[in-house]
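Heads up: the structure comes next, in structure tokens.
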There are 2 protein chains.
Amino acid sequence: MEKEEKTAIPAEKLSKILDIAQKRFARFGLAKTTMSDIADDLGVSKAALYYYFPDKECIFKKVMAREQGSFCGQMQNLLESNKKIDALLTDYIEHRIEYLKALLNLGQLTHEAFSATKPLYASLGKEFFEREKSMVAKLLQKGIDRKELQKINVDEYAGFFVHVLRSLRLYTLNLEELWKQGNIDKEIKKEYLFFTKIFLKSIEKL
Amino acid sequence: MEKEEKTAIPAEKLSKILDIAQKRFARFGLAKTTMSDIADDLGVSKAALYYYFPDKECIFKKVMAREQGSFCGQMQNLLESNKKIDALLTDYIEHRIEYLKALLNLGQLTHEAFSATKPLYASLGKEFFEREKSMVAKLLQKGIDRKELQKINVDEYAGFFVHVLRSLRLYTLNLEELWKQGNIDKEIKKEYLFFTKIFLKSIEKL
DNA sequence: AACTGACCTTTTAACAAAATTGGTCAAAAG
DNA sequence: CTTTTGACCAATTTTGTTAAAAGGTCAGTT
């Protein structure tokens, strides 16, 4: 299933391709962006793309990964900051929403298109889930070390926390009405914050 | 949109029809159960069914309502019991899972079929959501009156509680793997209980 | 090594034909 | 007057077919 590029792609050329591909993906989504489209925008032939990438999905994943990398970088900064646990969690939510917005933009604008691409998102999400969980776990561990939180099983709690966020997100993303209103991210953020409040209260040191 | 039956249906005949219809729905789901199927099982003609019910969806809804009524009855008993708030909530989860199992049975066995029926479930769920929310609200209010819980906005908290359960449920119901293993309800129950634990801790009186 | 145009194969789109099924109705049965 | 029926209609779903489009490969050019 997994293919790998034959050659190490020059960084400059890579980012150029990803930039142009990302614009197409943002406008038309994965399905309605053809390799010819990207190639044309780049001013090269379709075959040239296949010289650098094994398939279309690989380009899409690379674009996603770039966005993901940016988010993880911000999380790394958070982990190195001196903020208190409640600030850490709300900042995390803030970054998470920004990341979500980037993915949504990158996905497509319509609700139907999102539903169609869902399987791919799911497969990408699976890998990412573990990463996010471990970041949240570190965050919680920090709270414990600082005596701000009770001694809990950080892996279990982090896993559940991320799981609930995902469930809330996917449910809301399936509500067609909110897509049309165009404020899905606002709604999701509100739910995220409410849950975070509850979650935090339940594990705070008394 | 809403049609109403012309005549008051004799209770005995009604339950007979619902019983037979329910068996079909349980085996094949709403879409793949035809009116002729039900009529044949009943030993009458299709037109006879339409003498009692305006349309197929109405039969399905009646079957659902019967199940829902049973659940709401149990909740009523809970509200009149003397158990402590944590027992109330876990009992609620217990009944909720049983109700879910009934609906699943009533729905169909395959994952794909569930996705197809989703719109109808969604519309039914919308009405039910408010009812469930108000029941949970009463439950929480009981906890407050007994000084077991902090003074919170019961409507807000009940709404969010039910919303999270629904999100968790729908996410898990979309995991094809779990359907095949056949222990979806176990998995959902586990998540329900974990969330309930957190939720309760966050609003317990110290 | 970087790239192209022609080529192959698989997916998707579009459309029509056929079959199924939800729903109606006048008339019959009791 | 209540209940049931078989024939009938309209709308939806299913199926099959065909043409276009798009993903992906490759021998060969620059």
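Reminder, nothing fancy here: chain letters follow the sequence lines and each chain counts from 1.
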What pairs with B:E57 under salt bridge (Lys or Arg N to Asp or Glu O under 4.0 Å), at least two apart in sequence or on another chain? B:K61
Of residues 34-41 of chain A, the positions that come close to DNA chain D - non-hydrogen atoms, cut-off under 4.0 Å: A:T34, A:M35
Closest to the 5' end of DNA chain D, once B:K32 and B:P10 are matched to their nearest nucleotides, is B:P10
[N] [atom2] sits how many Å from [X] [atom1], rounded?
X     : N      : atom1 : atom2 : result
A:D55 : C:dT10 : CG    : P     : 16 Å
A:L30 : D:dA22 : CG    : P     : 13 Å
A:K56 : D:dA22 : NZ    : P     : 9 Å
B:Y50 : D:dC9  : OH    : P     : 17 Å
A:I59 : D:dA22 : CD1   : C1'   : 14 Å
B:F28 : C:dT21 : CZ    : P     : 12 Å
A:R24 : D:dA22 : CZ    : P     : 11 Å

List in chain and number order the residues that pass side chain to side chain donor-acceptor pair (under 3.5 Å) with [X], two or more places apart in sequence or in another chain; answer none if no residue qualifies.
X      : value
B:Y92  : B:E132
B:K201 : none
B:D37  : B:T34
B:K83  : B:D91

Among residues at least two apart in sequence or on other chains, which ones pass ring-ring contact (aromatic ring centres under 6.0 Å, His included) with [X]?
X      : value
B:F160 : A:F194
A:H95  : none
B:Y99  : B:F71, B:F128

Can you name the atoms? Protein N/O to nucleotides 3-5 of chain C N/O, anything below 3.5 Å, with the distance.
unit_1, atom_1, unit_2, atom_2, d
C:dC3, OP1, A:K13, NZ, 3.3
C:dC3, OP2, A:Y52, OH, 2.6
C:dT4, OP2, A:S45, N, 2.8
C:dT4, OP2, A:S45, OG, 3.0

Pairs meeting criterion salt bridge (charged side-chain N to carboxylate O under 4.0 Å, His left out) with involvement of residues 40-53 of chain B, two or more places apart: B:R24-B:D41
Start with the C-alpha gap between A:Q74 and A:E98, add the side-chain angles, then the distance that decides, and say whether side chain to side chain donor-acceptor pair (under 3.5 Å) holds. CA-CA 11 Å; A:Q74 294 171 318; A:E98 288 308 312; over 6 Å; no
Just one of B:K126, B:K133, B:R131, B:E127 clears the side-chain contact (heavy atoms from CB on, under 4.5 Å) bar with B:F129, so which one? B:K133
Through what angle, rounded to 10 degrees, does the axis of the helix from C:dA1-D:dT30 to C:dG30-D:dC1 turn between its ends, using five pairs per end? 30°
